[in-house]
Amino acid sequence: MDVVVIETTPLGDRSYLVHDGMVGLVIDPQRDTDRVEAAARGAGVAITHVAETHIHNDYVTGGLVLAEKHGARYLVNTADAVAFERVPVKDGQLFRVGRLSVTVLATPGHTHTHLAYVVEEPDGPDAGRRAVFSGGSLLYGSVGRTDLVAASDTAGLAHEQYASVRRLAAFAGPDAELYPTHGFGSFCSIGPASRQEASTIAEQLAFNHALTDPDEDHFVAGLLAAVSAYPSYYAHMRPLNEAGPGPASLAVPDNVDPGELRRRLEAGEWVVDLRNRVAFAASHLLGSASFEYGSGSSFTSYLGWVLPWGQPLTLVGSRDDVERAVRDLARIGIDSPDAAVGDDSRALAPGVPLTSYPRTDWAGFVRDRAEGDTLLDVRRTDEFAAAHVPGAVNVPLHEVLHRLEELPEARTWVYCTSGYRASVAASLLHREGREVVLIDARFRDAPGTVSG
């Protein structure tokens, strides 16, 4: 048995190909299925089975497309109300993938109909080896959040999560390897998630609070206290996945005509600049917004969270950044955005004024802040409650567009944890004609923070 990990770092998720050297099972594939197919080709195996642990809330699945293309069996919980043909599976069901034995376990908690798959090699050199594909159930150091279905179901699902992970651990045994889908930066995880790259059931039995806390009510109370905001685009993922999403279009579109790009900017349509925030602050097309593209930036989650869903979108940036951004956005159902590819903003939209705003560090803020200025903290409310700069106003990034009228017209200094969210917020405020200063610095370096 071999397990191939397919990382989706921008969303904090993993998909998996588990195979016996001849045929393979794919678990929770993302929509850009070419990565999974490349993994299968590299392993020299045929994809015969595709399985979902649950109907996903944080991305559009590639499972249906992948199964149809390869003539594979598409395994989805029999209790899930989907609009496409699938192979319905349920708790306790056993099936084979080549030499491998796969057991389906019901693990409600992240969703009502959540499943886990325990894969075992019953004979051969790895006889007895087990791998647990836990989806949004048991994660490294924690569990999947339980508040994505409905507020009224959150506490009940938290109790179910507690029972499910314990049942899963007991069934799989301590030597089993653990392969969760979430927990690598995904907003689908909750609690003290670990940053480790691999783990076993034994390790989780020793350190995971869901397995070490003997008091179920105490665990549930702690889990509910850790609930925080999650991206608004999640509301659109489950319906798309239940309907059966089609293939993603990953091609870079032809450049928008310069005159058309100018019209879009002047009309207030969403034109997103993918360059780094330093370059954007120094010079950008009037009316554009900054969503810096880069590794570890959470570009996809924040763009899908902040901008109004379903409105026309034009990406501006280098060909490489646009190509990667198109792929990332397809994963959350934002299909075929337009693009203006190039490094010279003036050439992309002749006649559109270039504008800028200042950026500084905490020393610059202390030195130059004037009486009457506003200090805006765009981190989440839980982050603000834990610690913030005295006198700061907290409006989380995802609420900025909806709460502009609450913010004073005075010059506004904007900060967050690393500078990324602050750069997005600063660009949105500047786009609205506000005077802004981007504090492009780490919060840990801020002076005299307080809590509460």
Side-chain angles (χ1 to χ4, degrees), residues 3-8 11-18 24-31 33 36 47 49-64 66-67 72-82 86-95 97 100 102-119 130-140 142-146 148-149 157 160-161 163-165 167-169 171-172 176-184 186-190 193 199 201 204 210 234 237-238 240-242 245 331:
V3 178
V4 181
V5 179
I6 300 109
E7 294 267 10
T8 306
L11 293 178
D13 291 326
R14 289 179 177 177
S15 305
Y16 300 97
L17 168 67
V18 54
L25 162 68
V26 178
I27 309 285
D28 289 344
Q30 296 264 344
R31 196 178 182 199
T33 55
V36 178
I47 297 171
H49 294 74
V50 179
E52 304 285 5
T53 58
H54 58 295
I55 303 298
H56 300 283
N57 289 289
D58 66 330
Y59 65 84
V60 177
T61 182
L64 179 60
L66 187 67
R73 293 166 65 83
Y74 189 30
L75 312 176
V76 179
N77 194 328
T78 187
D80 284 322
V82 295
R86 42 73 195 269
V87 176
V89 291
K90 60 184 179 180
D91 182 54
Q93 194 166 334
L94 183 69
F95 62 93
V97 179
L100 306 179
V102 184
T103 302
V104 182
L105 282 185
T107 49
H110 187 47
T111 67
H112 290 293
T113 57
H114 194 285
L115 300 174
Y117 299 89
V118 180
V119 182
R130 283 186 168 185
V132 178
F133 298 90
S134 58
S137 180
L138 184 63
L139 311 183
Y140 294 169
S142 192
V143 294
R145 66 191 302 157
T146 64
L148 299 180
V149 176
L157 285 170
E160 289 192 275
Q161 190 75 293
S164 288
V165 297
R167 179 190 182 215
L168 180 59
F171 179 89
E177 302 155 26
L178 180 63
Y179 297 97
T181 300
H182 304 313
F184 309 97
S186 168
F187 284 98
C188 277
S189 61
I190 192 170
S199 189
I201 293 296
Q204 297 306 308
Y234 277 24
M237 299 300 97
R238 186 179 186 91
L240 288 172
N241 287 326
E242 288 176 335
R331 293 172 181 150

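These values consider heavy atoms only, across backbone and side chains, with no hydrogens, waters or symmetry-generated copies.
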Colleague: Once you round to the nearest 0.5 Å, how far does CE of Met237 lie from CG of Asn57?
Modeller: 9.5 Å

Colleague: Could you walk me through whether Val132 and Leu105 pass side chain to side chain contact (heavy atoms under 4.5 Å, CB included), step by step?
Modeller: CA-CA 10 Å; Val132 178; Leu105 282 185; over 6 Å; no

Colleague: Using side-chain hydrogen bond (donor to acceptor under 3.5 Å, both in side chains), reason through Thr113 and Asp80 one step at a time and then give a plain yes or no.
Modeller: CA-CA 7 Å; Thr113 57; Asp80 284 322; 2.5 Å; yes

Colleague: Classify the ring geometry of His49 against Phe95: parallel below 30°, tilted from 30° to 60°, perpendicular beyond 60°.
Modeller: parallel

Colleague: Could you tell me if the side chain of Tyr59 sits less than 4.5 Å from the side chain of Ser186, heavy atoms only?
Modeller: no

Colleague: Just how far is it from atom CD1 of Ile55 to atom CG of Leu148, taken to the nearest 0.5 Å?
Modeller: 13.5 Å

Colleague: With side chains defined as the heavy atoms from C-beta onward, is the minimum distance between Asn241 and Val60 less than 4.5 Å?
Modeller: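 SC-SC contact between Asn241 and Val60 confirmed.
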
Colleague: So which atom in Ile47 and which in Val36 form the shortest heavy-atom distance, rounded to 0.1 Å?
Modeller: CD1-CG1, 4.2 Å

Colleague: Provide the closest heavy-atom pair for Ala116 versus Ser134 in the form atom of the first, atom of the second, distance.
Modeller: CB-CA, 4.2 Å

Colleague: Where do Arg130 and Val118 come nearest, in terms of heavy atoms and distance?
Modeller: CD-CG1, 4.2 Å

Colleague: Can you confirm if the aromatic rings of His114 and His112 lie within a centre distance of less than 6.0 Å?
Modeller: no

Colleague: What's the separation between atom CZ in Phe187 and atom CG in Leu11, rounded to the nearest 0.5 Å?
Modeller: 10.0 Å

Colleague: Scan His56, Arg331, Gln30 and name whichever one has a side-chain contact (heavy atoms from CB on, under 4.5 Å) with Asp13.
Modeller: Gln30

Colleague: Do any N or O atoms from the side chain of Arg14 and from the backbone of Gly183 form a donor-acceptor pair under 3.5 angstrom?
Modeller: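 Between the backbone of Gly183 and the side chain of Arg14 there is no qualifying donor-acceptor contact (under 3.5 Å).
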
Colleague: Any side-chain heavy atom of Ile201 within less than 4.5 Å of one from Leu138?
Modeller: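 Yes, at least one pair of side-chain atoms sits under 4.5 Å.
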
Colleague: For Tyr74 and Ala67, which heavy atoms make the closest approach, and how far apart are they?
Modeller: CB-CB, 3.7 Å

Colleague: Are Arg167 and Asp91 within salt-bridge range, i.e. N to O under 4.0 Å?
Modeller: yes

Colleague: Tell me, do Phe171 and Thr103 make a side-chain contact under 4.5 Å, heavy atoms counted?
Modeller: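 Yes, close enough: below the 4.5 Å cut-off.
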
Colleague: Look up atom OG in Ser142 and atom CD in Gln161, then write down how far apart they are to the nearest 0.5 Å.
Modeller: 8.5 Å

Colleague: Taking the six-membered ring for Trp, are Tyr179 and Phe133 parallel (under 30°), tilted (30 to 60°) or perpendicular (over 60°)?
Modeller: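 Ring orientation, 0 to 90° scale: parallel.
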
Colleague: Going from CG on Leu139 to OG on Ser189, what distance comes out if it is rounded to the nearest 0.5 angstrom?
Modeller: 6.0 Å

Colleague: Ignoring hydrogens and geometry beyond distance, is a side-chain donor-acceptor pair present between Thr181 and Asp28 at under 3.5 Å?
Modeller: yes

Colleague: Testing Val89, Leu75, Thr61, Leu115 one by one against Glu52 for a side-chain contact (heavy atoms from CB on, under 4.5 Å), which residue passes?
Modeller: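 Going through the options one by one, the only one that passes is Thr61.
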
Colleague: Between Arg145 and His110, is there a side-chain heavy-atom distance shorter than 4.5 Å?
Modeller: yes

Colleague: Which atoms form the tightest heavy-atom contact between Pro180 and Tyr140, and what is the distance?
Modeller: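 Pro180 and Tyr140 have their closest heavy atoms at CD-CE2, 3.4 Å.
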
Colleague: Taking atom CZ of Arg73 as the centre, does the number of heavy atoms from other residues, nucleotides or ligands within less than 6.0 Å exceed 12?
Modeller: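 No - once you tally the heavy atoms of other residues, nucleotides and ligands closer than 6.0 Å, there are 12 at most.
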
Colleague: Tell me, do Tyr117 and Val104 make a side-chain contact under 4.5 Å, heavy atoms counted?
Modeller: yes

Colleague: Would you name the heavy atoms of Pro29 and Val50 that are closest together and state the gap between them?
Modeller: CG-CG1, 3.9 Å

Colleague: Heavy atoms, side chains only, cut-off 4.5 Å: are Ser137 and Thr53 in contact?
Modeller: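 No, too far: nothing below the 4.5 Å cut-off.
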
Colleague: If you apply the rule side chain to side chain contact (heavy atoms under 4.5 Å, CB included), what do you find for Leu100 with Leu25, and how did you get there?
Modeller: CA-CA 9 Å; Leu100 306 179; Leu25 162 68; over 6 Å; no

Colleague: Any non-hydrogen side-chain atom of Val165 less than 4.5 Å from a side-chain atom of Thr107?
Modeller: no

